[in-house]
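Just follow the structure's listing: the first ligand is 1, and inside any ligand the first atom is 1. Heavy atoms only: backbone and side chains are in, while hydrogens, waters and symmetry mates are out. Because the structure is predicted, anything quoted here is derived from the model rather than measured.
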Amino acid sequence: MMSWEWSDIFCHPLWVISTVILAITVRAQRKGSWDPRACPVSLNGKTAIVTGANTGIGKFIALDFARRGARVILACRSEARGTSALKEIIELSGNEDVHLRLVDTSSLDSVQKFATQILEEQKELHILVNNAGASGLPKGITADGLETTFATNHIGPFLLTSLLLDLLKKSAPARIVNVSSLNHRRGKVDFSHFKGENLTYVMDSVYNHTKLHNIIWTNELARRLQGTGVTANSLHPGVVMTEVMRNYNFIVRFLFNLVGFFFFKSSKEGAVSTIYCAVSEETEGITGKYFDSDCSLVLAAPPARDPALGVKEFEICERLTSKL
Ligand SMILES: *[C@@H]1O[C@H](CO)[C@@H](O)[C@H](O)[C@H]1NC(C)=O
Ligand SMILES: *[C@@H]1O[C@H](CO)[C@@H](O)[C@H](O)[C@H]1NC(C)=O
Ligand SMILES: *[C@H]1O[C@@H](CO)[C@@H](O)[C@H](O)[C@H]1NC(C)=O
């Protein structure tokens, strides 16, 4: 009679060896992407805003801009976490012109206040990185009557960008960069989602929808900005070990970290495609495009490239944010 244990399977040398080979192969594939350290572009005299800059890739994006000499505004939700990121970025970059401003993108009121403050304080704005986003948020409706993940990842950033658009135009050439995700390919367009209708909360589905809307919106924005000197692009940062996962339970995070140790990018690596869109000479003047995590130009999913959907997207987002 044969008997076996799970450990016989999982600890089998062949399994271990093939996993290690696979991990090394996958890691090796990350090489060859654009290298921010080799990019000489200076941001002296430029002003940049990075949302969600207190942690993960947002922090590395902000640090890169600070090292290039930009005035950097960290747009963060938590004052405590924002302050510690601020100190760290100033220390590492030696640039004192880095500032913390608070915003919670899930609240239209908070976005409005943030934008008002920026418009009062800044004469120019050259780079806006919409990086803040969350996945795995519990089901819920915000005070504005919007679904929580949609409000945080999409409608809040939409309003923020709209309110800062004139300042960006005035400062042209300027760049808007939206951190989307490969997950957008699994997203579906149903505008009733914005108010929390017809949604199922499984396997990141809501996050995936919001990331699709990010690109639809960005592309329509790019069409509207033709000729203004302001560009708008979106990108996939890569599968990054970030605190986007912080809303998941311990087990999910543990597994994510375990797998991630081998296969995922660090936050620093995840920041690269955003920095590429925001500062590189290669992307100057490029607009309405979607970049992969290795900085290559790729086609977003078909709905994201549909101009008719873009028009509708704009109409609906404007209506939802216009009661202010
Ligand atoms: C979404 O839900 C509403 C009711 O909340 C329903 O009338 C509508 O048909 C649904 N739409 C889709 C696409 O299922
Ligand atoms: C969301 O996207 C991720 C990554 O592409 C995928 O693994 C997951 O299954 C998607 N969720 C749904 C409900 O399609
Ligand atoms: C860029 O595109 C849209 C998606 O939100 C806009 O809503 C938003 O202004 C901006 N942000 C992100 C994260 O994509």
Side-chain angles (χ1 to χ4, degrees), residues 19 22-23 26-27 29-30 33 52 56-58 105-106 130-141 146-155 157 178-219 233-267 269-274 289-306 309 313:
T19 305
L22 185 63
V26 171
R27 271 212 157 252
Q29 278 184 348
R30 293 189 198 157
S33 153
I57 74 170
T105 57
S106 74
N130 284 306
N131 159 69
S135 99
L137 291 176
K139 186 173 176 171
I141 302 288
L146 302 170
E147 196 284 325
T148 310
T149 308
F150 272 92
T152 309
N153 293 3
H154 186 58
I155 313 207
N178 274 337
V179 179
S180 177
S181 168
L182 177 67
N183 287 29
H184 84 271
R185 296 192 190 282
R186 298 297 193 90
K188 295 210 166 47
V189 180
D190 175 348
F191 290 103
S192 72
H193 288 166
F194 288 7
K195 294 195 161 170
E197 288 159 19
N198 307 311
L199 277 172
T200 49
Y201 287 75
V202 289
M203 308 264 302
D204 250 2
S205 58
V206 183
Y207 178 77
N208 295 0
H209 300 320
T210 65
K211 292 290 124 182
L212 174 59
H213 283 283
N214 284 167
I215 309 180
I216 298 175
W217 185 85
T218 309
N219 289 349
N233 293 294
S234 33
L235 58 92
H236 173 49
V239 182
V240 180
M241 317 239 312
T242 77
E243 295 193 27
V244 166
M245 299 299 288
R246 68 174 164 260
N247 301 304
Y248 287 93
N249 70 34
F250 171 77
I251 307 283
V252 173
R253 274 184 291 136
F254 175 76
L255 290 175
F256 189 81
N257 284 323
L258 189 69
V259 175
F261 179 76
F262 289 107
F263 296 108
F264 297 169
K265 288 177 181 255
S266 65
S267 294
E269 293 168 319
V272 169
S273 53
T274 306
K289 299 286 189 254
Y290 172 75
F291 291 85
D292 205 351
S293 58
D294 64 359
C295 300
S296 61
L297 191 59
V298 289
L299 283 181
R305 294 182 274 124
D306 178 349
L309 266 183
E313 177 83 41

Taking all atoms of both residues into account, what is the closest heavy-atom pair of Ile216 and Ala304, and its distance?
CG1-CA, 3.6 Å
Criterion ring pair (Phe, Tyr, Trp, His ring centres under 6.0 Å) against His209, the qualifying member of His184, His193, His154
His193
Is there a donor in the side chain of Ser296 and an acceptor in the side chain of Asp294, or the other way round, less than 3.5 Å apart?
yes
Which residues share a ring pair (Phe, Tyr, Trp, His ring centres under 6.0 Å) with Phe191, sequence neighbours left out
Phe194, His213
Ordered by chain then number, the protein residues lying under 4.0 Å from ligand 2 by heavy atom are Asn183, Arg186, Val202, Met203, Ser205, Asn208
Side chains of Asn214 and Ser234 only: does a donor on one sit below 3.5 Å from an acceptor on the other?
no
Going by atom types alone, do Lys211 and Asn208 pair a side-chain donor with an acceptor below 3.5 Å?
no
